[in-house]
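To start, the structure under review is shown below, and the notes come after it.
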Amino acid sequence: MESNAMIWFRKGLRIHDNPALDHARRGSKHLFPVFVLDPHYLDPDPSPSSPGSARSARSALNRIRFLLDCLSDLDATLRTLGSRLLLLRGDPVRVLCTILKDWNIGKLCYEFDTEPYSLARDKQVKDFASISGIEVFSPVSHTLFNPAVVIEKNGGRPPLTYQSFVKLAGKPPTPLTETYSELPPVGNVAGYELPSVPTIEELGYGDLSQEEFSPFRGGEMEALKRLKKVLEDKEWVATFEKPKGDPSAFLKPATTVLSPYLKFGCLSSRYFYQCLHNVYKTVGKHTSPPVSLVGQLLWREFFYTVAFGTPHFDQMIGNKICKQIPWRDDEGLFVAWREGRTGYPWIDAIMIQLKKWGWMHHLARHSVACFLTRGDLFIHWEKGRDVFERLLIDSDWAINNGNWLWLSCSSFFYQYNRIYSPISFGKKYDPDGNYIRHFLPVLKDMPKEYIYEPWTAPRSVQKKANCIIGKDYPKRVVVHDTASKECRKEMAEAYALDRSGDNLASKEISNGLRRKLDDQKASRPSCLKQKENTDQITQH
DNA sequence: CCCTCGTTGTTCCA
DNA sequence: TGGAACAACGAGGG
């Protein structure tokens, strides 16, 4: 039998600490490094009928560009090792099954992936490989721990608190240390046209010269460079405390911005973990989980584990750990939030940073997520989740859904009285509003005493700042004081109902609950809609 | 059953 | 700058 092996890249877009790659190259005469551009991922907008989708789709390019960066970088590195990346397009299952046969592959290696979409996809490929007599090797290397093992240790259920997770998890495995001077050459791919990594323009996105792109570029080289820079400041690493970061810092972000590299697997979490521990060893005194940098890696593990062990983790209905809450369906308010037109500069600036950069600080994400859901607008977390998923360069299925569950007080966190103020929260870090001025240039000349609440600026001040509220910049879509009070009340009611319907999270029951709640709502007016010409206090 | 504790709220007061 | 009030949740552990 010819010893042809294939490494199928999906996440794990790296050479270092890559067990699937290492296993594939061992004892193989030919190595076929493959990546399939999946239309499922490339689709710029999963809901093209939604208003404003054209603009949103253009912005989602940051995420795709980041992926293309990763692929170019991977291809370049493979070429220095006497190999190259074989890029294909189409439905991954169909493509894989075809080339496995055509290229006479005897060994297929790919990193295990816990997302439902990936599990379904990989099962089909694996089944095909099995009946074709192809050896399959699929190691866990995206996360520090194997989520299935942690769940088993906990008696078959995922731990639902961070602390209980950390107790179960133990020590992660050390990363592989293999380095390569060369890899087995690519075999015969006759009959296949294998293009090099396309540009986004070549993917059919048209002229993008006017777009502002994310300052963060993808790839393993970029990841390791960024990691090195982070690790150089040992004091910063050792004293890192997540909740103390400044969400308004954008010239020099207050966090590592390694999340997109971890998401695509340009950076191995196990290698990162080891590096952090080495710094801790040399420095001595250091912060601890949950707030430390290692603590952040463990948060990632926590969400991966719960997401893996929870059916319908990414929805409210049918999700056993998710509070059933009668979120309000208001497309106007939702679009205002998505497009950065809520009239709250702090909120809008964050949403614009999301569109332009595909990244914002963790606490900034909290602010806008709270505002959309339980804090002000009372709109479904799934709608916010979809926006983040498409626009964030680090959007990661388990972590994104987990954090939306958290922020909306649907799971993990239940203290719905703690609401971020869309005015004072940002002001506390950035009293002059420099962050707002940068991402919302229309407000750049607004005096600082009004920049967080521009509707309070006298007409003369608005004129002088060249920014008339209601014309150049929107009026606030809700009044925070009343809207947040209303949200608290709604949450209390929803919690009470959810408790009474405990253990009944089946789809049918939940639908019944929703109907019941909807009926209740129908009898009351919904006044949280945007007012055209007034700034009146909203009631519900 | 009860108790403790939870990465990251806001405002007011001393 | 630090503490208390606000109003109060649930998972996990005993």
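Residue numbers begin at 1 in each chain, while the letters A, B, ... track the order of the sequences.
The nearest whole Å value for the distance from the CG atom in Leu293(A) to the P atom in dT8(B) is 17 Å. In this structure, Tyr162(A) atom OH and dG6(B) atom C1' are separated by 12 Å, rounded to whole Å. Rounded to an integer number of Å, the gap from Asn417(A) CG to dA4(C) P is 19 Å. His480(A) has its NE2 atom 9 Å from the C1' atom of dT10(B), to the nearest Å. Between the CZ atom of Arg157(A) and the P atom of dG13(C) there is a distance of 14 Å, rounded to whole Å. If you take CG of Asn154(A) and P of dG13(C), they are 8 Å apart, rounded to a whole angstrom. Atom P of nucleotide dA11(C) and atom CZ of Arg499(A) are separated by 11 Å, given to the nearest angstrom. A straight line from CG of Leu405(A) to P of dG6(B) spans 22 Å, rounded to a whole angstrom.
Side-chain atoms of His480(A) and Asp376(A) form a donor-acceptor pair, as typed in the model, at a separation below 3.5 Å.
Here Phe216(A) and Phe66(A) keep their ring centres 6.0 angstrom or further from each other. Ring centers of His438(A) and Tyr435(A): at least 6.0 Å apart, outside the cut-off. Annotation: His16(A) is in aromatic contact with Tyr271(A) [ring centroid separation under 6.0 Å]. Between Phe371(A) and Trp337(A), the ring center distance fails the sub-6.0 Å criterion. Aromatic ring centres of Phe308(A) and Tyr304(A) lie farther apart than the 6.0 Å criterion allows.
With respect to Lys448(A) and Asp432(A), a salt bridge is recorded, a charged nitrogen being found less than 4.0 Å from a carboxylate O. Between Glu111(A) and Arg14(A), at least one side-chain nitrogen of the basic residue sits less than 4.0 Å from a carboxylate oxygen of the acidic one, meeting the salt-bridge criterion.
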Response to the item:
A correct dot-bracket answer for DNA chain C, with pairs being Watson-Crick or G-U at under 3.5 Å, [ ] for crossing pairs and | for inter-strand pairs, is ||||||..||||||
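Note on residues 223-244 of chain A: pairs passing ring pair (Phe, Tyr, Trp, His ring centres under 6.0 Å), not counting sequence neighbours, are Trp236(A)-Phe240(A).
Taking every side-chain heavy atom of Lys167(A) into account, dG13(C) is the closest of dT7(B), dG13(C), dA11(C). Proximity note for Tyr420(A) (side chain, C-beta onward) versus dG12(C), dT8(B), dG10(C): the nearest is dT8(B). Closest to the Tyr414(A) side chain, of the nucleotides dT10(B), dT7(B), dG10(C), is dG10(C).
Comparing the P positions of dA8(C) and dG12(C) gives an interatomic distance of 24 Å, to the nearest angstrom. Nucleotides dA11(C) and dA7(C) place their P atoms 24 Å apart, quoted to the nearest Å. dC6(C) and dC3(B) are spaced 22 Å apart, taking the C1' atom of each and rounding to whole Å. Look at the P atom in both dT7(B) and dA5(C): the space between them is 24 Å, to the nearest Å.
Taking side-chain N and O atoms only, Arg418(A) has no distance below 4.0 Å to OP1 or OP2 of dG6(B). At least one side-chain nitrogen or oxygen of Ser424(A) sits closer than 4.0 Å to the OP1 or OP2 atom of dT11(B). Residue Lys428(A) places at least one side-chain N or O under 4.0 Å from the OP1 or OP2 atom of dT10(B). Taking only side-chain nitrogens and oxygens, Gln163(A) comes nearer than 4.0 Å to OP1 or OP2 of dT7(B).
Considering all non-hydrogen atoms of both residues, Val140(A) and Arg270(A) come closest at O-NH1, 3.6 Å.
Residue contacts shown for Leu363(A) include a base, since a base heavy atom lies under 4.0 Å away. Across all strands shown, Phe412(A) has no heavy atoms under 4.0 Å from either base or sugar-phosphate atoms. As judged by a 4.0 angstrom heavy-atom cut-off over every strand, Lys485(A) is placed among residues making no nucleic acid contact.
Relative orientation of the Phe303(A) and Phe412(A) rings is perpendicular, given thresholds of 30° and 60° on the angle between their planes.
Contacts with DNA chain B (heavy atom under 4.0 Å) in residues 233-262 of chain A: Lys242(A), Pro243(A), listed by number.
A distance cut-off of 5.5 Å between ring centres, combined with a plane angle under 30°, leaves Tyr495(A) outside any stacking arrangement with the base of dC9(C).
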